[in-house]
Amino acid sequence: MTIEGRINHILRSESGRSNRPAAIRMMRDGMTVNSHWVAFFPLALVFAAPLTAFGEPSPSDSAKLEFFEKRIRPLLVTNCYNCHSANTNSKGGLRVDDRNGLLNGGSEGPAIVPGEPEKSRLIRAVRQTDLDLKMPPDKQLSAEEIADLAKWIADGAVWPEARLPFDLDQPNPQYEALRKEHWAWQPLKLVEAPQIADAVWGRTEIDRFLRARLDERGLAPVADADKRTLIRRVTFDLMGLPPTPAEISAFIADESTDAFEKVVDRLLASKAFGERWGRHWLDVARYAESTGSARNLPYPHAWRYRDYVIDAFNSDKPYDQFLREQIAGDLLPASSAREKVEQLVATGFLALGVKDVNQRFKVRYVMDNVDEQIDTVTRSVLALTASCARCHDHKFDPIPTTDYYALAGIFRSSDLCAGLRNKMGGGGLDYYDTEMLLPIGVEQKLDPETSAKREQLKKDLAVARAEFQALRNNPEGDVKAPDGRPKRAVARQKMTAVQAQLVALNDPAVNGEVALGVRDSKAVADTEIRIRGEAEKLGPLVARGFLGVLQWPDQPKVNPKQSGRLELAEWLTSDRNPLSSRVFVNRVWQHLFGTGLVSTVDNFGVNGDVPSNPELLDYLAARFVQGGWSVKKLVRQIVLTKAYRLSADSAPANVAIDPANRLVWRHTPRRLAAEEIRDAMLAASGRLDLVPPAASPAKDLKVIELRNNGPDAKRLADGVRTDRHRSVYLPLPRGLTPIALEVFDFAEQGMVTGSRDATTVAP
């Protein structure tokens with residue numbers, strides 16, 4: 001079978017896609033920027049389109065490649081790399097050290113059109129026939145060099161690429177063994193609670209699982225907690241607030257057998273439950289109200305996702321539906337306009353991550369965001385580190401690079417609607433893109449006068465941008481204007497002013513309500529392996545699909561006309577997917593007992609922990625699914641156990657055998673979270689405002705760089721000092737966490753945080 005045939009065979013095979021060999025190891029390119037030239041190694045390279053990818057070159061192709069290496073690459077290295085390569089500023093976002101960089105072009109469009117030199121912007125630039133397009137800027141290439149470039153483009157712009165240095169036909173035997181042996185990826189076991197001698201502990205099945213393990217180790221559980229301790233514990237756990245004196249007195253006075261059940265049901269029905277347990281999910285969803293990274297830009301509409309999460313927990317939205325809406329809400333059917341808005345807002349889960357808007361290359365910006373989405377989805381729902389397979393096969397878990405790019409194709413086929421664009425060295429509102437937001441309200445129609453003004457501003461902006469670009473790389477730009485400033489600065493100010501006027505007319509405040517989220521792209525397609533994870537280095541195409549670590553018959557098939565997010569959501573929430581339910585019930589157990597049955601709540605892979613009670617974990621996961629994925633039922637079931645009601649007393653004999661209390665012979669005390677400390681202080685002083693605020697203080701921020709010491713940051717900080725709402729509603733731009741939360745180990749807002757850090761030093 002030919003190499004091409006083997007590739008096609010593997011990519012068509014469902015099992016083949018999950019049996020990729022370990023560790024993609026890529027050969028280096030034939031040159032580096034610093035050395036300018038390194039010998040070309042033909043055995044390590046194959047040819048980019050229009051040559052046959054991953055095939056043997058014909059004699060004519062070899063001649064074209066030789067021409068490129070002898071005549072074109074040295075020319076580009078000498079004259080272009082200082083300004084237009086990966087390791088430099090890459091002015092205008094253009095790279096000439098990569099074929100795809102030339103094809104994609106920079107801010108002004110493609111630099112070359114293979115086969116058509118007369119239509120190639122690169123040829124126009126080196127001929128220097130346009131006043132505003134002269135490259136190199138300080139000299140002109142010789143006629144022979146220009147002719148060489150034109151010939152190279154006319155012949156198809158041949159370029160060598162790194163070859164995948166492994167045989168796609170060879171499965172990794174370790175992967176297959178791990179799929180069969182590692183506990184996390186096995187189907188849920190339908191287990192029954194063991195029989196125990198203690199009738200009091202045998203009242204609930206959960207307690208029987210726990211007591212059986214204690215008996216095996218010869219451990220005796222401690223006594224029950226007193227009622228005052230118990231109501232304080234459960235009120236903080238379920239509401240994040242302290243019980244009132246009246247609630248404490250009522251519970252102590254109630255001697256009925258169901259007194260604690262009544263307390264639990266009251267707490268579950270309180271809207272404070274959603275505020276406390278919604279915050280747990282916001283930790284996992286890396287919720288924040290700005291991009292973070294090099295240029296910190298606000299997300300003025302992120303609060304809608306926050307409120308969606310809180311409402312979902314309060315209404316006890318089934319967890320499987322909760323996940324489907326966040327992954328593919330825009331693709332789900334809706335019974336009403338209100339439900340459709342909820343579903344669109346839910347997709348904010350995929351849009352709220354850290355973004356480097358200062359990334360000068362669009363393709364890198366896109367693929368970095370795709371990687372962030374893959375990491376978030378796989379860690380939060382599956383507790384797997386699939387993002388490790390971006391550059392090479394996963395070193396520990398059976399996740400080959402092809403599986404990573406099967407997921408990447410799904411997210412690559414989805415528009416990331418965060419209201420932003422990437423732009424190297426932008427300023428003001430350069431990064432704000434109102435087209436990349438999801439409309440969720442009734443769009444207001446602009447009057448004819450405003451519409452005409454908007455069209456005129458578009459024309460004015462095009463003229464202003466052209467004037468600025470003409471001066472940007474031109475010595476003329478440094479010449480002083482009549483007001484004493486450089487002409488370039490004047491042109492930029494003019495462009496920025498016109499842009500601000502246009503953005504104001506396009507702003508959601510004028511055009512109706514919007515949300516952050518995702519939608520299917522106009523062009524959906526599979527994507528290529530990116531060699532060594534480099535966005536521009538394209539390998540073979542990979543069909544969109546899911547992680548092969550979990551397989552069962554009749555898995556959903558990606559609709560070729562859609563992104564695949566709908567099928568991904570179905571795959572994640574299938575009752576045959578053992579990870580989604582295991583991971584979530586483990587998160588719930590952690591919040592109620594301090595440590596999960598699996599202590600590494602965000603990593604169920606080979607490097608993660610093993611369950612302290614695997615039978616109990618599967619019992620809880622199976623019951624969770626059978627119970628309609630109800631979070632409130634799950635929480636109620638756990639807090640009504642005898643194990644939850646144990647005291648926090650210690651027992652030296654037990655400590656010697658189980659010092660970490662993994663077998664639950666007592667209730668492990670925990671420190672209050674940052675929000676609980678602040679909210680409790682406000683509640684104790686009678687100043688806590690329990691009415692949820694409208695929106696967020698961050699909603700009024702302009703989408704311009706948010707500086708830590710700037711006026712907007714100061715305004716937010718001043719507002720926090722006087723804010724009396726619950727802490728879940730405080731503004732949370734990245735890098736500007738309220739001090740009252742930051743000093744008490746608040747969640748890391750840049751990544752999935754199923755377990756917050758716990759520091760033990762004063763700072």
Side-chain angles (χ1 to χ4, degrees), residues 240-241 275-276 278-279 282-283 285-307 309-310 348 352-358 418-420 427-429 431-432 509 516 671-751 753 756-759 761-763:
L241 293 170
E275 292 168 336
R276 173 62 177 155
R279 181 60 248 185
L282 293 174
D283 281 13
R286 83 287 187 227
Y287 174 77
E289 294 183 86
S290 70
T291 62
S293 195
R295 298 264 179 149
N296 196 14
L297 300 177
Y299 290 140
H301 314 288
W303 61 270
R304 296 188 191 277
Y305 175 76
R306 176 203 66 194
D307 288 0
V309 170
I310 293 172
L352 291 166
V354 174
K355 292 176 183 61
D356 182 9
V357 295
N358 223 34
L420 299 169
L429 292 162
Y431 302 102
Y432 191 26
L516 277 65
R671 290 190 291 180
L672 294 181
E675 298 93 330
E676 292 173 301
I677 294 173
R678 178 182 176 276
D679 293 354
M681 289 192 295
L682 289 173
S685 65
R687 295 184 297 163
L688 182 63
D689 185 351
L690 291 173
V691 178
S696 164
K699 73 178 177 62
D700 297 321
L701 294 173
K702 295 293 184 184
V703 187
I704 59 177
E705 186 170 3
L706 188 58
R707 299 185 183 278
N708 290 357
N709 57 353
D712 286 329
K714 184 179 184 302
R715 180 173 60 81
L716 289 176
D718 290 343
V720 167
R721 280 192 284 272
T722 59
D723 198 316
R724 298 294 175 256
H725 293 99
R726 292 203 64 179
S727 299
V728 71
Y729 298 113
L730 294 179
L732 292 174
R734 290 184 170 97
L736 294 173
T737 305
I739 294 176
L741 304 182
E742 185 178 26
V743 297
F744 294 111
D745 299 322
F746 187 65
E748 164 58 50
Q749 295 171 278
M751 60 188 299
T753 306
R756 294 185 182 181
D757 290 337
T759 54
V761 293

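Numbering of residues begins at 1 and proceeds along the displayed sequence.
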Enquirer: Which heavy atom in Asp679 sits nearest to a heavy atom in Arg726, and how many Å separate them?
Expert: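 Heavy-atom minimum between the residues: OD2-NE, 3.2 Å.
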
Enquirer: What I'd like to find out is whether the side chain of Leu732 reaches to under 4.5 Å of the side chain of Pro738, using heavy atoms alone.
Expert: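 Result yes, sub-4.5 Å side-chain heavy-atom pair found.
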
Enquirer: Quick check against the 3.5 Å criterion: does Asp757 have a side-chain atom that pairs as donor or acceptor with the backbone of Asp745?
Expert: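 Flag not set: sc Asp757 to bb Asp745 has no pair under 3.5 Å.
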
Enquirer: Looking at CG of Asp712 and CZ of Arg707, how far apart are the two atoms once the value is rounded to the nearest 0.5 Å?
Expert: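 Reported value, rounded in 0.5 Å steps: 11.0 Å.
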
Enquirer: For a quick test of reading the model, state the closest non-hydrogen atom pair linking Leu516 to Ala302 and the distance between them.
Expert: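 What the structure gives for the nearest pair is CD1-N, 4.3 Å.
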
Enquirer: For the atom pair OG (Ser290) and CG (Leu701), what is the distance rounded to the nearest 0.5 Å?
Expert: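 One gets 9.0 Å once the value is rounded to the nearest 0.5 Å.
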
Enquirer: Rounded to the nearest 0.5 Å, what's the gap from OG on Ser727 to CZ on Phe744? Could you check?
Expert: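 Here the rounded value is 11.0 Å.
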
Enquirer: Is the shortest side-chain heavy-atom distance between Leu741 and Glu675 below 4.5 Å?
Expert: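 The answer is yes, as the side chains (C-beta and beyond) meet within the 4.5 Å cut-off.
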
Enquirer: A side-chain contact here means heavy atoms from C-beta on lying under 4.5 Å apart; do Arg678 and Asp723 qualify?
Expert: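 Heavy-atom side-chain distance check passes, below 4.5 Å.
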
Enquirer: Please report the shortest heavy-atom distance between Gly750 and Arg286, naming the atom on each side.
Expert: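 Nearest heavy atoms, Gly750 then Arg286: C-CB, 4.2 Å.
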
Enquirer: If you measure only the distance, is there a donor-acceptor pair under 3.5 Å linking the side chains of Thr753 and Asp283?
Expert: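 No, no side-chain donor-acceptor pair sits under 3.5 Å.
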
Enquirer: What heavy-atom pair brings Pro733 and Leu706 nearest, and what distance separates the two atoms?
Expert: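 Looking at all heavy atoms of both residues, the shortest contact is CB-CD2, 3.7 Å.
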
Enquirer: Minimum heavy-atom separation for Tyr432 and Gly419, please, with both atom names.
Expert: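 The pair with the smallest heavy-atom distance is CD1-O, 3.3 Å.
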
Enquirer: Heavy-atom count around Leu672 CG within 6.0 Å, excluding the residue itself: above 12?
Expert: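 Correct, the count exceeds 12.
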
Enquirer: Which atom pair, heavy atoms only, marks the closest approach of Ala758 to Arg671?
Expert: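 Between these two residues, the closest heavy atoms are CB-NH2, 3.2 Å.
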
Enquirer: Answer yes if the side chains of Tyr729 and Glu275 hold a donor-acceptor pair under 3.5 Å, and no otherwise.
Expert: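 Indeed, the side chains of Tyr729 and Glu275 share at least one donor-acceptor pair under 3.5 Å.
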
Enquirer: My understanding is that only one of Glu289, Arg734, Lys355 makes a side chain to side chain donor-acceptor pair (under 3.5 Å) with Tyr299; could you say which?
Expert: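 Among Glu289, Arg734, Lys355, the one meeting side chain to side chain donor-acceptor pair (under 3.5 Å) with Tyr299 is Lys355.
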
Enquirer: Atom OH in Tyr431, atom CG in Asn358: separation rounded to 0.5 Å?
Expert: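 Rounded to the nearest 0.5 Å, the OH-CG separation comes out at 4.0 Å.
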
Enquirer: Using the rule given for side chain to side chain contact (heavy atoms under 4.5 Å, CB included), can you reason through Thr291 versus Asn296, listing the C-alpha separation, both sets of side-chain angles and the distance that settles it, and then say yes or no?
Expert: CA-CA 5 Å; Thr291 62; Asn296 196 14; 3.9 Å; yes

Enquirer: Does a sphere of radius 6.0 Å around CZ in Arg756 hold more than 12 heavy atoms from other residues, nucleotides or ligands, not counting ones at 6.0 Å or beyond?
Expert: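 Yes, the 6.0 Å shell around CZ holds more than 12 heavy atoms from other groups.
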
Enquirer: Measure the NE2-OG distance between His725 and Ser696 for me, rounded to the nearest 0.5 Å.
Expert: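 With rounding to 0.5 Å, NE2 (His725) is 11.0 Å from OG (Ser696).
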
Enquirer: Is there a side-chain contact between Leu688 and Leu690, using heavy atoms and a 4.5 Å cut-off?
Expert: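 The answer is yes, as the side chains (C-beta and beyond) meet within the 4.5 Å cut-off.
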
Enquirer: If you measure from CG on Leu716 to OG1 on Thr737, what distance do you get to the nearest 0.5 Å?
Expert: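 Output value for this atom pair is 11.5 Å.
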
Enquirer: Should Val357 and Glu705 count as side-chain neighbours, where that means a heavy-atom distance under 4.5 Å?
Expert: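 Answer no - side chains too far apart.
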
